[in-house]
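Keep in mind that this is a model prediction, so the values were computed, not measured.
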Amino acid sequence: MTSPVDALLVLSFGGPEGPDEVMPFLENVTRGRGIPPERLAGVAEHYLHFGGVSPINAINRALIDEVVAELADRGERLPVYFGNRNWHPFVEDTLATMTSDGVRRAAVFTTSAWGGYSGCAQYQEDLTRARASVGDAAPELVKLRQFFDHPLLIELFAESIADAAATLPELVRQKARLVFTAHSIPLRAANRCGPDLYARQVAYCAGLVAAAAGYDDYDQVWQSRSGPPQVPWLEPDVGDHLSALAAAGTEAVIVCPVGFVSDHIEVIWDLDNELRDQADELGIALARALTPNAQRRFARLVLDLLDEARDGREPSRVVGAQPVPGYGSSVNGQFCTAECAATAAAAASAARPTPGSR
């Protein structure tokens, strides 16, 4: 994308903002998967523990405020919109508003740093669905690239690890084990957009962050799996790994949720509640690194991705010892494996206005 845009859309997963919204939200997330109601009720308890409110929408609104402030500091005016896949404001409704406002071409920042289906290609499908719901007058939408290796993301996580380490008791601080965690996915989905694309990108990013934080040795695990136990997911699970560390005599752990860009429910429940309770039972001192959330530097990352696309310049990257995973092709500034690029290209083509449609 080397031509101007007249808006920016922040596209995210969505979350409930009250107790009455929890079950409808979960039903949206799991629609078509045949999840038993009792299993959804169990997940609902995680949200109800926090009054039925997921932090994700508030964090995204705060991030948008920072993006707008950063634009103002640059002397640039660009409307910034907010839409979600699974809850209000739904991306379809947001796109209808953008159309009414006269937006003709918008860049899209998604709150996922990763390739693969749920982190990238599914967002392309969301955009296609939203355009179809609005019709021929809908703006052209161009998704910004994956950013798992962006210097500001690496910097934010590295500093967060240092801040977390500083909260540990001094006697165990230097011996603390650094553990990176990201959302697990079913093994059957691991190759959907290229061989182990998501897992390789998470591992690559963890290595970059560890190096920036000054750690030569670390672990990378998974969390938040769901579904029947007979269905295999990426492992090891963070809880199982914590038990193994305790058995090996580990006294302190720094857990960095590198797979998440905000402290939403799967961070504040799965790590700050369940994992912390487990650590207390095991006698392990646990410190959890914060995610970027709505920090101003994260807003600068968003705008740097926008500038890359508008100016047609090379992506800002931290380059590790191994080749960067997932940069085989480029579709509208979106760098993917060939398989992921094909999925993105198909969705982008469906979302692109036909000649004379406006």
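- Between the CG atom in Leu9 and the NZ atom in Lys143 there is a gap of 11.5 Å [rounded to 0.5 Å].
- Panel note: side chain Thr250, backbone Leu245; a donor-acceptor pair is recorded below 3.5 Å.
- No more than 12 heavy atoms of other residues, nucleotides or ligands sit less than 6.0 Å from atom CD of Gln174.
- Put simply, the residue from Thr181, Val221, Val253 that forms a side chain to side chain contact (heavy atoms under 4.5 Å, CB included) with His241 is Val221.
- No donor-acceptor distance shorter than 3.5 angstrom exists from the side chain of Gln220 to the backbone of Val202, with no hydrogens or angles considered.
- We find that Asp272 and Arg288 are joined by a salt bridge, their nearest charged nitrogen and carboxylate oxygen being less than 4.0 Å apart.
- Taking hydrophobic clusters as Ile, Leu, Val, Met, Phe, Trp and Tyr residues chained together by side-chain heavy-atom distances below 4.5 Å, Leu242 does not share a cluster with Leu234.
- Electrostatic pairing of Asp126 and Arg85 counts as a salt bridge here, judged by a charged N lying under 4.0 Å from a carboxylate O.
- In Glu170, the CD atom is not crowded: 12 or fewer heavy atoms of neighbouring residues, nucleotides or ligands sit closer than 6.0 Å.
- The main-chain N or O of Gly14 is never found under 3.5 Å from a side-chain atom of Asn57 such that the two would form a donor-acceptor pair.
- Side-chain contact check for Ile161 versus Phe180: some heavy-atom pair is nearer than 4.5 Å.
- Contact annotation: the side chain of Gln295 never approaches that of Glu66 to less than 4.5 Å [non-hydrogen atoms, C-beta and beyond].
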### Criterion ring pair (Phe, Tyr, Trp, His ring centres under 6.0 Å) on His49 and Tyr47, from CA distance to verdict
CA-CA 5 Å; His49 180 84; Tyr47 290 88; over 10 Å; no
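- Closest of all the heavy-atom pairs between Ile265 and His46 is CD1-O, 3.9 Å.
- No donor-acceptor pair under 3.5 Å is formed between the side chain of Asp219 and the backbone N or O of Val179.
- Of the possible polar contacts, one joining the Arg173 side chain to the Ala165 backbone as a donor-acceptor pair under 3.5 Å is found.
- Side-chain contact check for Pro79 versus Asp101: every heavy-atom pair is 4.5 Å or farther apart.
- No donor-acceptor distance shorter than 3.5 angstrom exists from the side chain of Ser160 to the backbone of Leu156, with no hydrogens or angles considered.
- Met98 CE to Leu8 CG: the interatomic distance, rounded to the nearest 0.5 Å, is 8.5 Å.
- Screening Tyr81, Phe82, Tyr123 for a side chain to side chain contact (heavy atoms under 4.5 Å, CB included) with Leu11, the sole residue that qualifies is Tyr123.
- The distance from atom CZ of Phe25 to atom OG1 of Thr30, rounded to the nearest 0.5 Å, is 9.5 Å.
- For the atom pair CZ (Arg145) and CZ (Phe109), the distance works out to 10.5 Å, reported to the nearest 0.5 Å.
- A salt bridge links Arg297 to Glu159: at least one charged side-chain nitrogen sits closer than 4.0 Å to a carboxylate oxygen.
- Between Pro89 and Arg61, the closest side-chain pair of non-hydrogen atoms falls below 4.5 Å.
- Leu168 and Phe157 fall within a single hydrophobic cluster, where Ile, Leu, Val, Met, Phe, Trp and Tyr side chains are chained together by heavy-atom contacts under 4.5 Å.
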### Query
Step by step, would you call Leu286 with Gln278 a side chain to side chain contact (heavy atoms under 4.5 Å, CB included)?
CA-CA 10 Å; Leu286 181 70; Gln278 181 184 354; over 6 Å; no
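- Using cut-offs of 30° and 60° for the angle between ring planes, the His183 and Phe260 rings count as tilted.
- Side-chain contact check for Ile59 versus His264: every heavy-atom pair is 4.5 Å or farther apart.
- Around atom CG of Asp73, more than 12 heavy atoms belonging to other residues, nucleotides or ligands sit under 6.0 Å away.
- Checked by atom type, the side-chain pair Glu274/Trp269 shows a donor-acceptor distance below 3.5 Å.
- At a threshold of 4.5 Å between non-hydrogen side-chain atoms, the residues Ser112 and Phe13 do not count as touching.
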### Task
In sequence, state the C-alpha distance, the side-chain angles, and the governing distance for Glu155 and Val318, and then conclude on side chain to side chain contact (heavy atoms under 4.5 Å, CB included).
CA-CA 10 Å; Glu155 179 183 297; Val318 179; over 6 Å; no
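- Listed for the Gln201 side chain is no donor-acceptor partner under 3.5 Å among the backbone atoms of Phe148.
- Taking 4.5 Å as the limit, some side-chain heavy atom of Pro24 sits within range of a side-chain heavy atom of Trp87.
- Residues Ser54 and Gly15 approach most closely at CB-CA, 4.0 Å, considering heavy atoms.
- The minimum heavy-atom distance between Lys175 and Leu171, with the atom names listed, is CE-O, 3.7 Å.
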### Message
If you apply the rule side chain to side chain contact (heavy atoms under 4.5 Å, CB included), what do you find for Leu141 with Leu95, and how did you get there?
### Response
CA-CA 10 Å; Leu141 302 173; Leu95 196 61; 3.9 Å; yes
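- If you chain together hydrophobic residues whose side chains sit under 4.5 Å apart, Val238 and Tyr218 never meet in one group.
- For Glu21 (side chain) and Glu17 (main-chain N/O), a donor-acceptor pair under 3.5 Å exists by modelled atom type.
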### Task
Give the intermediate values and the outcome of salt bridge (charged side-chain N to carboxylate O under 4.0 Å, His left out) for residues Asp307 and Arg300.
CA-CA 10 Å; Asp307 290 342; Arg300 291 176 186 146; over 6 Å; no
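- Taken together through direct or relayed side-chain contacts under 4.5 Å among Ile, Leu, Val, Met, Phe, Trp and Tyr, Leu290 and Val267 form parts of separate hydrophobic clusters.
- Between atom CD1 of residue Ile185 and atom OG of residue Ser226 there is a gap of 12.0 Å, rounded to the nearest 0.5 Å.
- Considering every non-hydrogen atom in both Ala199 and Trp222, the closest pair reads CA-CH2, 3.9 Å.
- Between atom CG of residue Leu71 and atom CG of residue Leu303 there is a gap of 4.5 Å, rounded to the nearest 0.5 Å.
- In this structure, the side chain of Asp263 engages the main chain of Thr291 through a donor-acceptor pair within 3.5 Å.
- Residue Ile254 is not grouped with residue Leu275 when hydrophobic side chains (ILVMFWY) are merged at heavy-atom distances under 4.5 angstrom, including chains of intermediate members.
- A 4.5 Å side-chain heavy-atom check between Ser262 and Thr111 finds every atom pair outside the cut-off.
- Taking each heavy atom of Leu152 and Leu301 in turn, the nearest pair found is CD1-N, 3.5 Å.
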### Message
Using the rule given for side chain to side chain contact (heavy atoms under 4.5 Å, CB included), can you reason through Arg39 versus Leu26, listing the C-alpha separation, both sets of side-chain angles and the distance that settles it, and then say yes or no?
### Response
CA-CA 10 Å; Arg39 191 178 300 161; Leu26 292 175; over 6 Å; no
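- Asp237 contributes no side-chain N or O that, together with a main-chain N or O of Gln223, makes up a donor-acceptor pair within less than 3.5 Å.
- The minimum heavy-atom distance linking Pro169 with Ala285 is given by the pair CD-CB, 4.2 Å.
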